**Student:** 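My structure is below; once you've seen it, I'll send some questions.
In listed order, ligands and their atoms are each counted from 1. In what follows, every heavy atom counts, from backbone to side chain, and hydrogens, waters and symmetry copies are set aside. This one's a predicted model, so the numbers in the text were calculated from it and none came from an experiment.
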Amino acid sequence: RTEIFNSLVELNERQKILTDRNLDVASCVLSQFPHALAESRIALIDAATNCQISYAHLYRSIRSLAYGLYHAVGVRKGDVVFLVAPNSLLYPTISLAILSVGAILTPANPLNTTLEIAKQVADSGAKLAICAPEELHKLIPTKLPTMLTTKTSDGTLLSAEEFIECFDPIDLPPERPTQTDTAAVLYSSGTTGTSKGVILTHANLISVISLLKWSVSASSSQDDVFLCFIPMFHIYGLAFFVLGLFCSGITTVVMQRFDFQAMLDVIKVHRVNNIPAVPPVILALVKHASNMKCDLSSLRRVGSGAAPLSKEVTDGFREKFPWVELRQGYGLTETCGAASFFALDEDAKAHSGSCGSLLPHFSAKIVDIKTGSPLPPNKEGELWLRSPTIMKGYLRNEEATTATLDPEGWLRTGDLGYFDEDGFLYIVDRIKELIKHNGYQVAPAELEALLLSHPQIVDAAVIPLENEEAGQVPMAYVVKASGSELTENQVIRFIADQVAPYKKVRRVGFISTIPKSAAGKILRKQLISQTQQQLNS
Ligand code: 4UV
């Protein structure tokens with residue numbers, strides 16, 4: 001505890017310096033690279049190919065690509081650059097090069113469909129796209145100037161990889177962004193409606209870096225090996241694997257996407273000791289790891305975030321892997337990542353089911369949903385948060401911004417929870433409309449709009465259905481047009497054809513009317529409890 005207290009004092013000092021200076025986030029990351037050991041210290045390892053890059057190589061690559069983007073492509077400060085690619089060694093380089101130019105990064109899920117990609121490109125106002133070659137077909141309809149991440153044999157399009165090879169690293173472009181400038185626009189549905197652009201400034205991302213650096217260095221060393229399968233387009237992956245960890249000098253083994261057996265192999269081969277994960281991965285470890293041939297002796301810590309981790313799974317994990325610390329964290333895209341976590345394993349063990357305590361520089365209050373009054377410990381209400389990492393607002397969406405951020409800067413999280421007497425946070429439910437499938441966001445409003453576009457559907461509501469493996473799956477309630485013979489499978493297929501796989505509707509219930517309030521709002525809680533009762537009976 002003393003060590004943590006001392007490191008907190010240090011963090012406060014650093015935070016003061018960072019906010020005093022006219023720093024931008026890329027310069028902040030690059031200035032904290034472990035220069036002394038840069039040539040020999042490995043920053044990234046590709047889990048599939050074993051290709052490794054050092055911190056020095058990463059540093060040069062970011063500078064070279066930033067030079068190419070600025071001088072050869074003409075990307076300027078404030079231009080929005082759309083990035084769609086799976087995790088790779090190049091992903092952090094490309095993201096940090098975009099930020100180095102002062103351009104705005106808007107990353108997307110590579111699982112998204114052509115239509116979903118077109119929406120984000122249009123909404124973000126992107127001027128340039130950078131995509132993995134296999135995603136190129138999804139960008140063609142947008143007519144956006146496009147670069148590839150890696151070289152292809154036909155060589156018709158320029159690639160980031162070529163830029164890195166052919167330009168020498170030179171100083172960063174002259175026009176530097178300041179802390180109040182937008183650095184990234186990530187997409188989240190917030191508390192209601194469809195996906196919205198979350199504006200994150202350089203100051204937000206710099207604060208995240210100092211928090212992550214603090215939390216990682218409080219319990220890790222430079223010899224740690226982290227495993228990354230959390231997608232880097234999501235705030236959880238972006239904060240850890242594009243921004244924070246490089247400032248701690250550790251090595252990250254990158255998997256393109258999650259695969260359970262491959263993960264077990266990678267842990268063994270690379271002696272991975274630290275994994276930021278999500279609840280379905282923890283569950284899979286509890287259920288299957290002991291039946292499979294694997295060596296997890298190197299593991300020291302597993303984190304869980306992005307969705308609730310049940311007490312049963314937590315206890316099961318501790319029983320099976322007593323040498324591994326399991327710590328839950330909690331965060332949102334709108335808070336630029338983690339808002340709470342456990343600094344000490346003894347606290348995590350003593351507060352099973354909790355997401356830890358607030359990170360430094362965060363304030364919180366629990367607010368009565370009906371009266372809006374702040375509540376004391378152990379009383380459930382909506383969690384409101386305030387910190388230097390809280391988003392500036394939703395892109396060109398004043399209404400959603402004022403509904404989410406109050407004039408004093410408090411963010412309404414849409415999560416229901418409480419703090420215990422010791423300041424540990426428990427999230428017990430979600431009062432916002434969000435569904436979380438394997439940690440990915442699914443906005444009911446988006447699926448409802450698609451359902452309503454079907455000629456035989458007159459009304460629809462989408463709710464979360466609890467699911468052991470994925471956390472939740474979307475279930476649709478549908479009111480058919482009179483005389484319609486529409487079947488469950490037809491509805492499921494209709495949606496599946498238009499959305500990314502994680503958004504697919506998995507169950508359909510036909511109903512005569514959708515329950516609504518006098519103001520016409522869908523009574524989701526009523527539908528959810530009716531569904532639970534039916535399933536339990
Ligand atoms: O906007 P988003 O998709 O954001 C996230 C971010 C999770 C992170 C990020 C960095 C970390 O270091 C970390 O530990 C976790 O998921 O979704 C935000 C919503 O996800 C739910 C909750 O409803 C948020 O409003 N959620 C996130 N973490 C938890 C959670 C959790 N531990 N328990 C319950 N719900």
**Student:** Quick one: look up the protein heavy atom nearest atom 32 (N) of ligand 1 and list residue, atom name and how far away it is.
**Tutor:**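 Going atom by atom, the protein heavy atom closest to atom 32 (N) of ligand 1 ends up being Gly329 O, 2.7 Å.
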**Student:** Could you check whether the rings of Phe321 and Phe317 sit parallel, tilted or perpendicular, using 30° and 60° as the cut-offs?
**Tutor:**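 Taking Phe317 first and then Phe321, their aromatic rings sit tilted (interplane angle of 30° to 60°).
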**Student:** Are Lys379 and Asp368 within salt-bridge range, i.e. N to O under 4.0 Å?
**Tutor:**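 Salt bridge between Lys379 and Asp368, a charged N being under 4.0 Å from a carboxylate O: no.
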**Student:** Measure up the Phe226 and Phe240 rings against each other and bin them: parallel (under 30°), tilted (30 to 60°), perpendicular (over 60°).
**Tutor:** tilted
**Student:** What protein heavy atom lies closest to atom 12 (O) of ligand 1? Include the residue and the distance to one decimal.
**Tutor:** Ala338 CB, 3.2 Å
**Student:** Would you call Lys503 and Glu116 a salt bridge, taking side-chain N to carboxylate O under 4.0 Å as the test?
**Tutor:** yes
**Student:** Looking only at N/O atoms, are Arg430 and ligand 1 under 3.5 Å apart anywhere?
**Tutor:** yes
**Student:** Distance under 4.0 Å to a non-hydrogen atom of Lys432: what atoms of ligand 1 satisfy this?
**Tutor:**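 Close to Lys432: 23 (O), 24 (C), 25 (O).
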**Student:** May I ask which of Arg327, Glu334, Lys436, His234 has a heavy atom nearer to atom 19 (C) of ligand 1 than the others do?
**Tutor:** Lys436
**Student:** Between Tyr187 and Asn109, is any side-chain donor less than 3.5 angstrom from a side-chain acceptor?
**Tutor:**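 No donor-acceptor contact under 3.5 Å links the two side chains.
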**Student:** So is Gly414 close enough to ligand 1, meaning a heavy atom under 4.0 angstrom away?
**Tutor:** no
**Student:** Does the N or O separation between Gln441 and ligand 1 drop below 3.5 Å for any pair?
**Tutor:** yes
**Student:** Would you call the rings of Tyr440 and Tyr502 parallel, tilted or perpendicular if under 30° counts as parallel and over 60° as perpendicular?
**Tutor:**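 Geometry flag for Tyr502 against Tyr440: tilted rings.
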**Student:** When you measure from atom 21 (C) of ligand 1 to each heavy atom in Ser189, Ala306, Gly356, which option holds the nearest one?
**Tutor:** Ala306
**Student:** Just which atoms of ligand 1 are under 4.0 Å from any heavy atom in Gly337?
**Tutor:** 9 (C), 10 (C)
**Student:** I'd like to know whether Arg430 forms a salt bridge (charged side-chain N to carboxylate O under 4.0 Å, His left out) with Glu382, so could you lay out the CA-CA distance, the side-chain angles of the two residues, the decisive distance to 0.1 Å, and finally the verdict.
**Tutor:** CA-CA 9 Å; Arg430 211 173 276 144; Glu382 185 181 10; over 6 Å; no
**Student:** Identify the protein heavy atom lying closest to atom 18 (C) of ligand 1, giving its residue, its atom name and the separation to 0.1 Å.
**Tutor:** Gly331 O, 3.4 Å
**Student:** For Gln328, counting its heavy atoms only, list the atoms of ligand 1 lying under 4.0 Å from any of them.
**Tutor:**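 Reading through ligand 1 atom by atom, the close ones are 31 (C), 32 (N), 33 (N).
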**Student:** Within the structure, is a non-hydrogen atom of Phe240 found at a distance of less than 4.0 Å from ligand 1?
**Tutor:** yes
**Student:** Check the side chains of Thr531 and Tyr477 for a donor-acceptor pair under 3.5 angstrom, ignoring hydrogens and angles.
**Tutor:**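 A pair is found: one side chain offers a donor N or O, the other an acceptor, under 3.5 Å apart.
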**Student:** What part of Asp415, side chain, backbone, both or neither, has a heavy atom within less than 4.0 angstrom of ligand 1?
**Tutor:** side chain
**Student:** Could you please spell out the steps behind the side chain to side chain contact (heavy atoms under 4.5 Å, CB included) verdict for Phe229 and Arg257?
**Tutor:** CA-CA 5 Å; Phe229 46 73; Arg257 60 182 62 83; over 6 Å; no
**Student:** Using the test salt bridge (Lys or Arg N to Asp or Glu O under 4.0 Å), find all partners of Asp181 that sit at least two apart in sequence or belong to another chain.
**Tutor:** Lys77
**Student:** Under a 4.0 angstrom heavy-atom cut-off, which atoms of ligand 1 come close to Thr333?
**Tutor:**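 Under 4.0 Å from Thr333, ligand 1 has these atoms: 1 (O), 2 (P), 3 (O), 4 (O).
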**Student:** Heavy-atom contacts under 4.0 Å between Pro308 and ligand 1: side chain, backbone, both, or neither?
**Tutor:**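 The answer is both.
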**Student:** Measuring from non-hydrogen atoms of Ala307 to any atom of ligand 1, is the shortest distance under 4.0 Å?
**Tutor:** yes
